[in-house]
Amino acid sequence: MSPEVIAILTIALLFLLFLMGLEIGFSMALAGFVGFAVAVNPQAAFRLVANDIYSVFVSYGFTVIPLFVLMGQFGASSKVARSLYDCAYRFMGHVPGGLAVGTVTAATAFKAICGSSAATAATFASIAVPEMDRYGYDKRLSCGTVATVGTLGILIPPSVVLILYGLLTETSIGRLFLAGIIPGLIIALSFAVTIVGWCKLNPTLGPAGQKSSWKERLRSLPDVGWVLAIFVCVIGGLMKGIFTPTEAGSIGAFAVLILGIAKREMTWQGVVKALSESLGIACMAFTMLAGATILGHFFAVTRIPYAVADLLGNAELNRNVVMIIIFAVYLIGGSFIEDLAFLILATPIFLPLVVKLGYDPVWFGVIIAVVTMIGIILPPMAMNVFIVSGVTKVPIGTIYKGIYPYIVGMYICLFIFLFFPQISLWLPNLLMK
Amino acid sequence: MSCYEKCIVGISSALYWVARFALFGMMLLTCCDVFLRYLFNRPIVGSYDLVALLGSVVIAFSIPQTTLNRGHVIMEALTAKLPQGTQKIFALITGCIGIIVFVIFAWNLFIYGNILLSSGEVFPTLRLPIFYPAYAIACCCVLECLVLLQRVLQTLRGDAAA
């Protein structure tokens, strides 16, 4: 049997296992093992499985995942998000749609310490939606906003998605973090513009709230300062080579924990909850990483990623068209499988093609993060929408109506980043030569 | 809940607590190492190896509880739309496949551990033998098989939790 036929049959087996409901990580490991046994020999496949699991589980480099997840969970367990929201509310609450813009601003600041999209959506669904309800905000605007702002953590460092991408593609996590900052802020700005434009067209969506005095505003600022200080310490230390990514994650998690304790907002139950949630997320990610590593070794022996690169690279298509095809594959794939799982599965296949087309892997990481952001709120597998619906008890259909305007803005940003790679690459090239 | 299920849940929960401490310890150890390195020029010797070792405990020890919590990602788009009976059959098949996957993992990790044991390899600075994590991960894979077996038994009994 030729390597191509074995690869196609293995991919078919993989999707059959997905469809039957086997865990994604287990499916990738099994399909990779079976494919490798057929392509090479069973003895080599048995050795490969043990070697790959050991190398993923006992790896200093991979410990960055649970530590950055822990940093985010400590942030979610303490009331840092509430303080940030209060600050944004003081400054913007009095303008039409101001509470929604305040939510975007607070979530952007919160993302500086919390890389989890789901944790941010759940946190702001419980903090911001009741407040917006109090001022008569339309549910489409309030719930659509919190579901969408959660996605910012995929791009703004410390992003777990960018960490996973960096580990999968052996790209510098520090460069990826820096590359995500400007695109993340541009997308946050697009959210704010969408809210203002939407409320101008229909002022009943987001009535103005109470105006705060300057004294109240200034009093709410120190909390933002602490969050920014932690962010600068973690990202700056990483960028300057003072910390390894694992150390940066540890310092960040410890700093957020101390901040929560100092402000008497972190309880023992909160610490245990944060640890438990972090273990669940990290274990889920590691199982998929181990499966993807086994499957990746199978793909390497069949040379499928290079065949895909040759096929699309020699098709004489414009490279931007090829990139749009890749986006479509990620969006469609992510609609059926969880977006993060699809990213882990597809990135090793497409990366050789992207590099062959002359793109920077750091830029591709940012672009894929933006595609994942869209995928996380795009039906039918819109994880953030499910979470917000679960917390607020608002029907999923209503929330979907609230996210479509944001998706338009995100698509526009995606194409801007596609045609102007320097937006993503300027900061890492400037600070990490 | 049968005695078997109680044992599985109890052991998984205990391991999850160990993983919690390992994660917290990993964070504290790394922070101490950084502070001692930059403030007193006295880094903790072997912290790099210890973090890798603790990382394996964090992940391997949380696998059974994550499965019990349904924390792994699955694709429910098709199976959720199927009739109850067909869903049950699929759950049985995937449960059995999951057991096979983890039997393969456990068996080969034990063999790999034996190879590492006979090679006498140690962590570069900690000088601890590197076969310990292989055996520990293999044991967690065995427990994962038992967790998946419990799920299969629940499905056969028709429990709502399965």
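For B:Thr66, the part lying under 4.5 angstrom from a heavy atom of chain A is the side chain only. Heavy atoms of A:Leu257 lying under 4.5 Å from chain B belong exclusively to its side chain. Heavy atoms closer than 4.5 Å to chain B are found in the side chain of A:Phe33, but not in its backbone. Residue A:Leu70 touches chain B through its side chain alone, counting heavy-atom pairs closer than 4.5 Å. For A:Ser276, the parts sitting under 4.5 Å from any heavy atom of chain B are the backbone and the side chain alike. Heavy-atom distances place both the backbone and the side chain of A:Val58 under 4.5 Å from chain B. Looking at B:Phe61, there are no atoms closer than 4.5 Å to chain A (heavy atoms on both sides), in backbone or side chain. With a 4.5 angstrom heavy-atom cutoff, B:Ile59 touches chain A via backbone and side-chain atoms both. Neither the backbone nor the side chain of A:Val56 has a heavy atom closer than 4.5 Å to any heavy atom of chain B. Only the side chain of B:Leu28 comes within less than 4.5 Å of a heavy atom of chain A; its backbone N, CA, C and O stay farther away.
Of the possible donor and acceptor atoms, none in the side chain of B:Thr94 sits under 3.5 Å from a partner among the backbone N and O of A:Leu22.
When B:Tyr48, B:Phe110, B:Phe35 are compared by the number of non-hydrogen pairs under 4.5 Å with chain A, B:Tyr48 comes out ahead. By number of non-hydrogen pairs under 4.5 angstrom with chain A, the leading residue of B:Asn108, B:Ile111, B:Thr67 is B:Asn108. Comparing B:Val51, B:Leu54, B:Ile93 by heavy-atom pairs within less than 4.5 Å of chain A, the highest count is held by B:Val51. In terms of non-hydrogen atom pairs under 4.5 Å with chain A, the most contact-rich of B:Gly98, B:Ala60, B:Ala138 is B:Ala60.
The closest side-chain donor-acceptor pair between A:Thr347 and A:Tyr330 falls under 3.5 angstrom.
Between A:Ile173 and A:Gly166, the closest heavy-atom pair is CG1-CA, 4.4 Å. Contact detail for B:Pro133 and B:Ser56: the closest heavy-atom pair is CB-OG, 4.0 Å.
Under the 30°/60° scheme for interplanar angles, the aromatic rings of B:Phe102 and B:Phe105 are found to stand perpendicular.
Contacts between residues 118-131 of chain B and chain A, counted as heavy-atom pairs separated by less than 4.5 Å, involve B:Phe123, B:Ile130.
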